[in-house]
Amino acid sequence: MEARHLRYALALADHQHFGRAAEALGIAQPPLSKQIADLEREVGARLFDRTRQGVFPTAAGTAFLDRARRALAEMASAVTDAQRAARGETGRLRLGFIASALLDPLPGVLARFGRERPEVRLELHEMATSRSTAALVAGELDVAVGLGRPRGQGAENLTSVTIGRDHLTAVVSTAHPYAGRPSVSVAQLRQQHLIVASCDDEPAIGIALSALLGEDSAACHSATVARDVHTIISLAVSGVGVGLGPSRMTAVPRKGAWFCRVTPPARLPDLVLSFATRDRSPVLAAFLDTVRANCPEVGAALDDRLGPEARRCTQRRPVAGR
């Protein structure tokens with residue numbers, strides 16, 4: 001039994017006449033009569049009464065047609081669902097990210113992706129770069145946003161693009177001697193108790209600070225370790241010391257905080273988006289399209305790393321109704 005048999009039977013029930021049903025289906029009457037007869041033999045019951053007044057479903061026919069109508073509707077839904085999944089309009093995306101990425105550019109990307117793909121289930125996990133890289137390699141994440149390019153075993157199987165650049169900024173309490181100054185020098189920072197991100201969680205930050213302050217700097221070894229930029233700011237406001245973090249943390253409104261430039265300017269590791277190179281998931285492709293749209297400079301980098309074939313994979317049709 002094929003879907004066309006169901007459509008033929010439903011058309012005959014709707015038109016109650018072989019000729020009119022055949023015309024509506026765009027086929028000749030004899031083939032329609034034969035198909036209905038074949039269907040009745042397969043079912044093992046007479047589905048239609050042929051009368052002078054027309055063709056009408058039997059009791060068996062009525063029961064069959066009810067199911068047939070639902071079956072065709074389910075088949076149509078299955079096709080629609082498959083097409084939507086192929087366009088990345090449904091499914092799941094698992095994203096790991098560091099806290100500072102929520103200052104910029106993730107808010108714009110996530111808001112746009114949510115509007116354009118409302119039925120994609122976003123699973124968001126705040127985690128350090130070292131953890132998100134490991135989770136990405138293990139297949140526990142689809143995308144990771146962290147500081148610096150992924151390192152370690154399995155990193156060679158990932159594609160990474162820069163989505164943000166930043167430089168080092170200091171934050172102190174408004175009661176601190178540095179409050180009111182536009183900048184502080186590296187030499188001054190070496191004399192202060194510092195608040196920094198964990199070098200174990202963010203190895204790229206550790207390397208950058210060691211290069212800036214000196215690998216054997218007492219300021220590095222005695223620094224208070226904080227989980228994220230919000231904690232760095234809070235501890236600095238509490239008078240614990242001088243917090244060091246990305247300049248994007250100045251976007252965090254916090255009473256009692258004063259931000260200073262670090263001179264000479266010290267560039268921090270790039271904010272990097274990574275994913276498995278062989279991942280051709282439509283949902284990932286849709287997310288990368290959103291990143292392209294929100295961060296135009298990222299598009300060329302993606303093209304360089306993925307090549308023309310993969311670029312075509314990421315360029316899906318727009319969501320219906322947009």
> Quick one: do Leu288 and Leu124 end up in the same hydrophobic cluster if we chain Ile, Leu, Val, Met, Phe, Trp and Tyr together by side-chain heavy atoms under 4.5 Å apart?
Replying inline: yes

> What pairs meet the salt bridge (Lys or Arg N to Asp or Glu O under 4.0 Å) rule with one or both residues in residues 127-150, with sequence neighbours excluded?
Replying inline: Arg94-Asp142

> Would you say the side chain of Leu147 lies within less than 4.5 Å of the side chain of Leu271, judging by non-hydrogen atoms?
Replying inline: yes

>> Can you give me the closest heavy-atom contact between Thr133 and Pro150, atom names plus distance?
In response: CG2-CB, 3.7 Å

>> Less than 4.0 angstrom from a charged side-chain N to a carboxylate O is my criterion; do Arg117 and Glu119 meet it?
In response: no

>> Between Leu72 and Leu10, is there a side-chain heavy-atom distance shorter than 4.5 Å?
In response: yes

Would you be so kind as to tabulate the donor-acceptor pairs closer than 3.5 Å made by side chains of residues 29-37, with sequence neighbours excluded?
residue : atom : partner : partner atom : Å
Ser33   : OG   : Gln29   : O            : 3.3
Lys34   : NZ   : Asp38   : OD2          : 2.9
Gln35   : OE1  : Arg4    : NH1          : 3.0
Gln35   : OE1  : His5    : NE2          : 2.8

>> To the closest 0.5 Å, what do you measure between CG (Asp279) and OG1 (Thr277)?
In response: 9.5 Å

> Which residue pairs pass the salt bridge (Lys or Arg N to Asp or Glu O under 4.0 Å) test when at least one of the two sits in residues 253-262, sequence neighbours left out?
Replying inline: none

> Leu158 and Leu284: same hydrophobic cluster, using ILVMFWY side-chain contacts below 4.5 Å?
Replying inline: no

> Short question: side chain of Thr250, backbone of Ser247 - any donor-acceptor pair under 3.5 Å?
Replying inline: yes

> Within a strict 4.5 Å, meaning less than it, do heavy atoms of the Val240 and Ser234 side chains meet?
Replying inline: no

>> One pair to check against side chain to side chain contact (heavy atoms under 4.5 Å, CB included): Leu212 and Val186. What are the steps and the verdict?
In response: CA-CA 7 Å; Leu212 180 69; Val186 171; 3.6 Å; yes

> Applying the 4.5 Å side-chain criterion to the ILVMFWY set and letting contacts propagate, would Met127 and Leu102 be lumped into a single cluster?
Replying inline: no

>> Is there a side-chain contact between Asp228 and Ile98 in this structure, where contact means two heavy atoms from C-beta onward sitting under 4.5 Å apart?
In response: no

> For the residue pair Val172 and Ala179, what are the closest heavy atoms and their distance?
Replying inline: CG2-N, 4.0 Å

>> Give me the atom names and distance for the closest heavy-atom approach of Gly146 to Thr129.
In response: CA-OG1, 3.3 Å

> Quick check: does any side chain N or O of Glu156 sit under 3.5 Å from a backbone N or O of Gly154, one acting as donor and the other as acceptor?
Replying inline: yes

> Would Arg248 and Asp104 count as a salt bridge (charged side-chain N to carboxylate O under 4.0 Å, His left out) if you check the C-alpha gap in whole Å, the side-chain angles of each, and the deciding distance to 0.1 Å?
Replying inline: CA-CA 7 Å; Arg248 68 172 62 92; Asp104 183 67; 5.2 Å; no

> Is a donor on one side and an acceptor on the other found under 3.5 Å between the side chain of Trp258 and the backbone of Arg181?
Replying inline: yes

>> Could you check, using the six-membered ring where one of them is a Trp, whether Phe48 and Phe56 have ring centers closer than 6.0 angstrom?
In response: no

>> Using every non-hydrogen atom in the two residues, find where Val196 and Ala223 come nearest and quote the distance to one decimal.
In response: CG2-CB, 3.9 Å

> Between Ile232 and Thr224, is any pair of side-chain heavy atoms under 4.5 Å apart?
Replying inline: no

> So how far is it from Ser100 OG to Met249 CE, rounded to the nearest 0.5 Å?
Replying inline: 10.0 Å

> Partners of Ser274 by side-chain hydrogen bond (donor to acceptor under 3.5 Å, both in side chains), sequence neighbours excluded?
Replying inline: Ser160

> Hey, mind stepping through Phe97 and Glu126 against side chain to side chain contact (heavy atoms under 4.5 Å, CB included) and telling me if it holds?
Replying inline: CA-CA 5 Å; Phe97 59 92; Glu126 182 187 343; 3.9 Å; yes

> When rounded to the nearest 0.5 angstrom, what distance separates CZ in Arg267 from CZ in Arg165?
Replying inline: 5.0 Å

>> Check for me, please, whether Phe275 and Leu141 land in the same ILVMFWY cluster - side-chain distances under 4.5 Å, paths through other members count.
In response: no

> So, do Leu244 and Thr169 sit near enough that their side-chain heavy atoms are less than 4.5 Å apart?
Replying inline: no

> Sub-3.5 Å donor-acceptor pair from the side chain of His17 to the main-chain atoms of Gly19, do we have one?
Replying inline: yes

>> Main chain of Val272, side chain of Asp270: is a donor-acceptor contact present, judged purely on distance under 3.5 Å?
In response: no

>> Rounded at 0.5 Å granularity, tell me how far CZ in Phe113 sits from CG in Leu122.
In response: 5.5 Å

> Taking all non-hydrogen atoms of both residues, which atom of Ala226 and which atom of Ile195 are closest, and how far apart?
Replying inline: CB-CG2, 4.1 Å

> Given Phe287 and Leu273, is the side chain to side chain contact (heavy atoms under 4.5 Å, CB included) satisfied, shown in steps?
Replying inline: CA-CA 11 Å; Phe287 184 77; Leu273 179 146; 4.0 Å; yes

>> Within the 4.5 Å heavy-atom criterion, are Leu168 and Leu209 side-chain neighbours or not?
In response: yes

> According to a 4.5 Å side-chain heavy-atom criterion applied to Ile, Leu, Val, Met, Phe, Trp and Tyr, with indirect links allowed, do Met1 and Leu12 form part of one hydrophobic cluster?
Replying inline: yes

> Rounded to the nearest 0.5 Å, what separation is found between the CG atom of Leu39 and the CD atom of Glu2?
Replying inline: 11.0 Å

> Hey, are Glu116 and Arg112 close enough for a salt bridge, meaning a charged N less than 4.0 Å from a carboxylate O?
Replying inline: yes

>> Just so I know, are the side chains of Ile233 and Val237 near enough to count as touching, which here means a heavy-atom distance under 4.5 Å?
In response: yes

> What residue pairs, at least two apart or across chains, pass salt bridge (Lys or Arg N to Asp or Glu O under 4.0 Å) with a residue in residues 15-31?
Replying inline: none

>> With a 3.5 Å distance limit and no angle check, can you tell me whether Thr162 reaches the backbone of Gly164 through a side-chain donor-acceptor pair?
In response: no

> Any ring-ring contact (aromatic ring centres under 6.0 Å, His included) pairs touching residues 173-202, not counting sequence neighbours?
Replying inline: His176-Tyr178

> When you look at CZ of Arg190, are more than 12 heavy atoms from neighbouring residues, nucleotides or ligands closer to it than 6.0 Å?
Replying inline: yes

>> I need the Leu136 CG to Leu95 CG distance, nearest 0.5 Å.
In response: 10.0 Å

> For Pro265, does its backbone N or O pair with a side-chain atom of Thr263 as donor and acceptor, under 3.5 Å?
Replying inline: no

> Which atom names give the shortest non-hydrogen contact between Val137 and Ala155, and what distance separates them?
Replying inline: CG2-N, 4.3 Å

